[in-house]
Amino acid sequence: MVDAVVVGAGLAGVSALYHLRRQGIRVLVLEASDGIGGTWYHNRYPGARCDIESLDYSYSFSEELQQDWHWSERYASQQEILAYVQHVVDRFDLRKDIELNARVVSAVFDETDGRWAVRTENGQQFSAKYCLLATGVLSAAQVPQIRGTESFQGRSYHTADWPTEGVDLSGDRVGVIGTGSSGTQLIPLVAEQAAHLYVFQRTPNFVMPAQNRPMDPDLERHWKEHYPELRKKARATRNGHNQISNPLRGKDVSPEERRAEFERRWELGGLYMMRAFADILTDPEVNAEAGDFAREKIRQIVDDPATAEALMPPRELALGTKRLCSGTNYYETYNRDNVTLVNLREAPIEAVTPTGIRTADGSEYELDVIVYATGFDAMTGSFLRIDVRGRGGLSLREKWQHGPRTYLGVMTHGFPNLFILAGPQTPSVFSNMVNQAEIHVEWVNECIAHLEKNEIDTIEANEDAENAWVDHVNELASRTLYAQSRNSWFWGANTPGKPRVFMPYVGGIDRYLQKLGEVVAHGYEGFTLRSRQLARA
């Protein structure tokens, strides 16, 4: 028996363990896989890399850790981030409270004793007053339902579960399905190994040059001298990091000035284009101009005009309304003789065959390896793959059958003492995920301390507050270009049968953090706190 069970040993789960244990809470972290690190443990594919600067994408809870750790690149690779998380676990002696190979299959709230009964796939059972779901919004791999998949006689891999020992593709004919964030990072490196690479692309996305480089010693020194101010600054921004944002609206400046700003953002690289102007996601004309700028860059980079045209996102796709990709030499890769782009908008995949892939126009592509870079059942998938049941046996799957319903993204009505970390209806994927995870963990940690100090048994989101928050999330999204581009995983569009509901919160880290603080200041407004001892008295 423990006080709290944390499901998942990724960035949020590790942070939760650190904070809760420091206040004397007995914590057990249950991790499904055989390693610590969450998304950064599984996404080991070649080229996997963060799109937030390393110095920002790190924990802030220890000044010594901030000063001691050295990042080797501007944008850390998967290997380096994983090494960092494992270093944190060992440095703070957290490993002893983490159980690996413990996939949670159910979590059931017992109304009699006010505790959560958590059961793993291997039959272990745990009882805890608090249950924290730190399962991640980009962790449940999305495997496409393509006819004949099981018949393929070659090797198949998914980017979200890449073999630990790596994959040698030398001399192979390789097909990569998918050109989202994973695919665009993977493809240039596969092209360097494979005898021939076929890229199967349905809807092209915008890919910004990462402009990655070795860590600048002067920049690192500056950060380490000013970490407190920089962390504070990050939490006062919409996206929770220190990337330079332009407060001007695109319409406030001349066409020449807009062009110059877009060029500057292209050179800064990565996600900086999303902060070129304050209205880039609300003004369709400004956004269209940014999109045209990126399309022009594609024409300049890709030698073959037909290939360049096929790589250009359609005009109806506003820049940034599908996750903006950050890559290295992505468009340049299509100038290689051993790379072929297969345009699935013209001829969709009809079937996987024993020897490769057949498209609807009858073309057959003979392959030795198929790589599925098809992403995730994003935002809700990892939470709903667990049988979570609250009061009266209500299942989370039933509660969320028409889309996630939460209050502040941290709790859902009908599920007392169940906390959700960095999940749907929070800034999550629109922010620095480490910062977002820490914000949630700090709030939950403070909440549990309050409950324990005041001998309160349960906290639960009120239904009215939940409804108001869901309406608020949807209303803010409706003011943006996201509302016009619903063919993305932000809306659940990549998962068959999933309701088309906008799932992240676009209000920003600054606004969200202010709301969390106000709720606490008003005595956990919107929540019901109960004590069975007082009820019996």
Side-chain angles (χ1 to χ4, degrees), residues 51-53 55-56 74-75 184 204-213 216 218-219 222 229-230 233-302 305 308-309 311-332 427 430-432 476-485 488 506-511:
D51 54 12
I52 302 293
E53 279 91 342
L55 291 161
D56 239 340
R74 180 189 186 195
Y75 296 109
T184 54
N205 198 3
F206 292 100
V207 183
M208 300 294 112
Q211 309 291 15
N212 189 36
R213 52 182 174 266
D216 180 342
D218 291 335
L219 178 65
H222 171 78
E229 306 99 284
L230 291 167
K233 178 184 174 183
R235 292 195 179 193
T237 67
R238 290 180 59 84
N239 303 101
H241 49 63
N242 283 272
Q243 290 187 357
I244 303 167
S245 295
N246 187 350
L248 296 176
R249 296 177 303 169
K251 294 291 181 63
D252 292 336
V253 301
S254 68
E256 293 76 20
E257 289 173 308
R258 285 197 297 275
R259 170 79 188 195
E261 184 65 14
F262 293 144
E263 190 70 55
R264 175 173 175 252
R265 296 284 159 170
W266 183 270
E267 292 304 318
L268 283 170
L271 302 181
Y272 278 80
M273 186 66 76
M274 296 306 301
R275 282 159 276 290
F277 294 104
D279 56 354
I280 197 166
L281 283 170
T282 55
D283 189 317
E285 292 182 10
V286 173
N287 187 286
E289 197 169 328
D292 287 342
F293 172 86
R295 292 184 186 91
E296 183 180 328
K297 289 291 187 182
I298 297 171
R299 290 190 188 96
Q300 293 172 0
I301 295 169
V302 180
E309 191 66 31
L311 286 167
M312 292 182 200
R315 296 279 304 176
E316 61 270 19
L317 178 63
L319 184 143
T321 55
K322 291 185 75 170
R323 185 181 180 184
L324 193 65
C325 298
S326 175
T328 299
N329 295 325
Y330 177 68
Y331 293 119
E332 291 84 348
F430 291 156
S431 69
N432 174 353
L476 287 186
S478 72
R479 302 181 197 172
T480 71
L481 297 177
Y482 291 112
Q484 301 174 21
S485 302
S488 75
V506 300
I509 284 283
D510 49 352
R511 189 170 180 175

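Only heavy atoms go into these numbers, but all of them, side chains included; no hydrogens, no water, no symmetry mates. This is a predicted model, so every value here is computed, not measured.
When atom types are taken as modelled, the side chain of Asn239 and the backbone of Ser431 share no donor-acceptor pair closer than 3.5 angstrom. A side-chain donor-acceptor contact under 3.5 Å links Arg258 to the backbone of Val253. Remark: side-chain polar atoms of Asn212 are not paired, donor with acceptor, to backbone N or O of Thr328 under 3.5 angstrom. Judged purely by atom type and a 3.5 angstrom limit, Asn432 uses its side chain to pair as donor or acceptor with the backbone of Asp56. No donor-acceptor pair closer than 3.5 Å links the side chain of Arg295 to the backbone N or O of Glu309.
Every residue two or more places apart in sequence or in another chain was checked for a side chain to side chain donor-acceptor pair (under 3.5 Å) with Gln211, and none qualifies. Taking Tyr331 as the reference, nothing meets the side chain to side chain donor-acceptor pair (under 3.5 Å) condition, with sequence neighbours excluded.
For Ile298 against Pro313, the heavy-atom pair with the smallest separation is CD1-CD, 4.2 Å. Closest of all the heavy-atom pairs between Ser485 and Ala318 is OG-N, 3.7 Å. The minimum heavy-atom distance linking Ala308 with Arg299 is given by the pair CB-CA, 4.3 Å. The two residues Thr237 and Lys233 make their nearest non-hydrogen contact at CG2-O, 3.1 Å. Taking all atoms of both residues into account, the shortest heavy-atom contact from Gly270 to Ser326 is CA-OG, 3.5 Å. Scanning all heavy atoms of the two residues, the minimum distance from Tyr75 to Leu268 falls at OH-O, 4.5 Å.
Between Glu296 and Arg259 there is a salt bridge, since at least one side-chain N of the basic residue sits less than 4.0 Å from a carboxylate O of the acidic one. Between Lys251 and Asp279, none of the side-chain N atoms (NZ, or NE/NH1/NH2) sits under 4.0 Å from a carboxylate O, so this pair counts as no salt bridge.
In this structure, Leu317 and Asn205 have side chains that are in contact, with non-hydrogen atoms separated by less than 4.5 Å. Annotation: side chain of Leu311 is in contact with side chain of Tyr330 (closest heavy-atom distance under 4.5 Å). Under the 4.5 Å side-chain criterion, counting only non-hydrogen atoms from C-beta, Met208 is not in contact with Lys297. Side-chain contact between Leu281 and Met274 is present, with heavy atoms from C-beta onward closer than 4.5 Å. Here the side chains of Asn246 and Arg264 are not in contact, with every heavy-atom distance at 4.5 Å or above. Gln484 has its side chain out of reach of Thr321: every pair of non-hydrogen atoms, C-beta onward, lies at least 4.5 Å apart. Looking only at side-chain heavy atoms (C-beta outward), Glu257 and Leu248 stay at 4.5 Å or farther from each other. Residues Ile52 and Gln243 meet the side-chain proximity criterion, which asks for heavy atoms closer than 4.5 Å.
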Leu319/Met273 under side-chain contact (heavy atoms from CB on, under 4.5 Å): CA gap, chis, key distance, verdict: CA-CA 9 Å; Leu319 184 143; Met273 186 66 76; 4.2 Å; yes
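Rounded to the nearest 0.5 angstrom, Arg238 CZ and Ile509 CD1 are separated by 10.5 Å. A distance of 9.0 Å separates CZ of Arg249 from OG1 of Thr282, quoted to the nearest 0.5 Å. Ser488 contributes atom OG, which lies 11.5 Å from atom CZ of Arg323 (distance to the nearest 0.5 angstrom). A distance of 9.5 Å separates CG of Leu481 from CD1 of Ile280, quoted to the nearest 0.5 Å.
Dense packing is recorded around CD of Glu229, with more than 12 heavy atoms of other residues, nucleotides or ligands lying under 6.0 Å away.
For residues 269-278, no residue pair satisfies the salt bridge (Lys or Arg N to Asp or Glu O under 4.0 Å) rule, not counting sequence neighbours.
Aromatic ring orientation, Phe262 versus Phe293: tilted (interplanar angle from 30° to 60°).
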